[in-house]
Protein chains: 2
Amino acid sequence: MARIVDVAELAGVSTATVSRVLNGKTVRPDLDAAVRRAVDELGYSPDRTARSLRRRHSDVIALVLPDIENPFFTSLARGVEDVAQEAGLSVVLCNTDDDPVKEQRYLQIVAAENMAGVILAPAGGTAALAALLERGRAVVVVDRPVPEPVDQVVFDNVELGRIAAGALIDRGYRRIACITGPRTTPTAVDRATGWAQALAAAALDAPDDLLVHADFRVEGGRSAMEGLLGTEHPPDAVLATNNLVGVGALRALAHGDHAVGVGIIGDLPFATSNVENVSFLPLRPREMGLAAARMLVERVRDGAGPVRTLVQGSADLVAPSSGVLRE
Amino acid sequence: MARIVDVAELAGVSTATVSRVLNGKTVRPDLDAAVRRAVDELGYSPDRTARSLRRRHSDVIALVLPDIENPFFTSLARGVEDVAQEAGLSVVLCNTDDDPVKEQRYLQIVAAENMAGVILAPAGGTAALAALLERGRAVVVVDRPVPEPVDQVVFDNVELGRIAAGALIDRGYRRIACITGPRTTPTAVDRATGWAQALAAAALDAPDDLLVHADFRVEGGRSAMEGLLGTEHPPDAVLATNNLVGVGALRALAHGDHAVGVGIIGDLPFATSNVENVSFLPLRPREMGLAAARMLVERVRDGAGPVRTLVQGSADLVAPSSGVLRE
DNA sequence: TTGTAGGCGTTATCAC
DNA sequence: GTGATAACGCCTACAA
């Protein structure tokens with residue numbers, strides 16, 4: 001592996017000059033050319049480990065996510081990666097399984113590796129987050145709002161719930177259930193709150209048995225839907241507050257011949273059925289990733305500046321009449 | 001941020017001793033204890049940048065994939081991550097979009113960052129791969145077999161095609177089409193070859209118009225299926241040679257009321273419909289990730305040793321009669 | 001503008 | 001078994 005001294009020797013200059021050329025400082029044109037030629041010839045590329053050590057931070061950012069297998073987050077990751085790539089940063093993807101212990105471990109690594117920054121969808125406790133902020137590291141929180149003073153890109157989850165439930169009301173349903181995530185997950189609770197508000201605004205009942213807190217995954221949605229179908233007075237429509245729960249609900253419904261309206265907050269990029277009576281409220285995770293990465297890049301470049309919170313609007317509601325499966 | 005000298009000073013030992021304690025060498029018990037106490041007190045964790053520089057390699061491995069949004073690869077990534085985590089390695093996920101240029105760039109970064117190794121699902125040209133091997137880096141290739149002498153975890157794609165097509169034949173179909181990926185993608189070609197072999201073995205026709213080379217994605221599968229349905233003699237069954245194409249085919253079929261049998265090589269973790277007439281041949285990408293990561297860890301730990309190729313069997317064929325959507 | 005030289009924090013090589 | 005010290009490869013004062 002060629003080192004900077006090899007390049008310097010071949011080009012007949014000092015290592016300082018090579019370094020300057022590589023980092024875009026002004027250098028006498030002929031020397032500049034000589035250096036570039038030598039770099040080419042040797043196939044030299046700087047050792048990023050040494051560079052990071054010297055510069056006190058690397059060109060790597062971490063993206064810490066609760067579930068890398070959820071298409072919402074992979075799509076978000078794609079957005080982050082596109083911006084990072086453009087800015088010359090690499091992205092390390094970390095999977096926390098919604099486990100605060102794993103999350104803490106990853107955030108420690110972020111510090112130990114002197115990474116340029118982190119984009120974090122928090123799993124739970126925010127102690128680790130606070131520690132990072134104290135040390136003045138660049139952090140952007142996505143998807144799940146936190147009270148700490150930190151850059152954020154999030155949704156107005158209450159409003160998402162309101163809009164999605166409102167769409168079902170507009171379609172004429174009157175007994176609308178809601179399948180959401182655990183009580184400990186703020187986004188799940190907020191979206192359910194929006195659902196309740198929409199029902200209240202329409203003078204509809206929202207009894208306790210129509211609100212189901214399930215695991216925020218496919219199986220959770222499926223069994224919750226089955227539970228609802230098995231009751232004495234099944235709902236005539238159901239709101240699934242995230243994509244995976246939506247998949248589960250649709251699967252449960254696919255087994256019988258139920259005329260139940262469905263609303264889903266999120267997208268189903270891999271749905272295989274026609275979704276005639278489903279309203280989607282797409283969330284555009286890729287855009288969220290793009291925005292978060294741009295924020296982080298700015299933060300990395302000139303550290304200071306006021307904390308910003310970006311509340312991302314959803315795309316337009318996709319009415320069921322469009323009959324279009326969204327990609 | 002505490003450094004190793006701070007710990008040494010507080011513990012009343014040399015930095016060398018601190019280093020030894022941290023790296024599990026034998027040290028006099030009382031000193032050992034003193035060092036650990038100091039580490040705790042200062043909240044010290046070693047700077048991994050400096051460590052990497054000195055050791056000539058980092059504790060990071062790269063996972064270079066063509067499409068991070070494909071559930072097959074995210075599941076594979078999960079497997080890799082689980083093993084890596086256990087071995088104390090971090091995983092950087094890189095997305096090539098099946099673009100050899102992007103792939104090359106990432107592999108260069110792997111070298112420049114002194115990463116411990118790479119797990120690579122090759123996008124195309126293998127020039128970059130050859131370069132890595134020359135330099136003696138730890139590399140494991142997954143999913144797509146290559147001729148180079150390098151550790152691999154792959155499928156017998158011809159056999160996958162044979163088995164999947166055979167299942168459709170066993171179910172009584174006689175005019176079986178095949179939707180596969182581009183001619184330039186070896187896995188796509190091999191699986192189609194298996195399909196042709198199975199048909200030939202059953203003395204069935206496999207005319208050119210029953211074999212469609214499509215984009216290996218949802219849209220490709222959908223339009224290919226629509227094309228097949230629009231012909232004069234539509235097939236009575238179709239084999240989709242990967243998961244995404246399978247999704248597309250099912251979507252196309254969901255629109256009408258076609259009695260077309262379907263076989264899919266792969267899984268559909270986010271299917272929303274009942275899949276009554278679908279045979280799945282699950283590929284277990286997570287296991288592939290586990291195996292590849294274990295290989296890489298061994299390779300990282302004691303470099304030498306013969307090159308190994310692991311041909312992973314698929315799980316049992318899932319017959320349509322089971323009526324079970326696979327998670 | 002260029003070159004020289006010191007240091008980033010760690011580990012490995014020596015003597016002891 | 002322990003401690004002093006020289007690397008690892010790069011960047012950046014500082015001096016010329």
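To find a chain, count down the sequence lines: A is the first, B the second, and so on, and within it residues start at 1.
For the pair B/R51 CZ and C/dC8 P, the computed distance is 19 Å after rounding to whole Å. Following rounding to the nearest Å, A/R54 (CZ) and C/dG6 (C1') show an atom-to-atom distance of 8 Å.
With respect to B/R294 and B/D82, no salt bridge is recorded, no charged nitrogen being found less than 4.0 Å from a carboxylate O. Salt bridge status for A/D32 with A/R36: present, with a side-chain N to carboxylate O gap under 4.0 Å. Salt bridge status for A/R144 with A/D98: present, with a side-chain N to carboxylate O gap under 4.0 Å.
Between the side chain of A/T96 and the backbone N or O of A/L65 there is at least one donor-acceptor pair closer than 3.5 Å. With hydrogens and angles disregarded, a donor-acceptor distance shorter than 3.5 Å links the side chain of B/S14 to the backbone of B/T17. Using a distance-only test at 3.5 Å, with no hydrogens or angles considered, a donor-acceptor pair links the side chain of A/S58 to the main chain of A/V60. Although no hydrogens or angles enter the test, the distance criterion places a donor-acceptor pair under 3.5 Å between the side chain of B/N95 and the main chain of B/I68. The backbone N or O of A/V146 lies less than 3.5 Å from a partner atom in the side chain of A/Q152, making a donor-acceptor pair. Judged purely by atom type and a 3.5 angstrom limit, B/D97 has no side-chain atom pairing as donor or acceptor with the backbone of B/D99. Under the 3.5 Å distance criterion, the side-chain polar atoms of B/D151 are matched with a main-chain donor or acceptor of B/R308. Judged by distance alone, with hydrogens and angles left aside, the side-chain atoms of A/S19 form no donor-acceptor pair with the main-chain N or O of A/T15 at under 3.5 Å. Not one N or O on the side chain of B/E103 forms a donor-acceptor pair closer than 3.5 Å with the backbone of B/A128.
Axis angle between the ends of the helix from C/dT1-D/dA16 to C/dC16-D/dG1, five pairs each and rounded to 10 degrees, works out to 40°.
When the shell of 6.0 Å around CD of B/E9 is examined, it contains 12 or fewer heavy atoms from other residues, nucleotides or ligands.
Less than 4.0 Å separates DNA chain D from at least one heavy atom of each of the following residues of residues 3-16 of chain B: B/V13, B/S14, B/T15, B/A16. Of the residues in residues 35-50 of chain B, none lies under 4.0 Å from DNA chain D by heavy-atom distance. Contacts with DNA chain C (heavy atom under 4.0 Å) in residues 17-31 of chain A: A/T17, A/R20, A/V27, A/R28, A/L31, listed by number.
Close to C/dG9, at under 4.0 Å from its OP1 or OP2, lies a side-chain N or O of A/R56.
For the residue pair B/D47/A/N114, the side-chain donor-acceptor check at 3.5 Å is satisfied.
Residues B/L53 and A/R55 each lie close to DNA chain D; by heavy-atom proximity, the contact nearer the 5' end of the strand is made by B/L53.
On the nucleic acid side, DNA chain D contacts chain A at distances under 4.0 Å to non-hydrogen atoms, with the end points of that region at D/dG9 to D/dA13.
B/A2 pairs by the side-chain contact (heavy atoms from CB on, under 4.5 Å) definition with B/D6, B/L42, B/Y44, not counting sequence neighbours.
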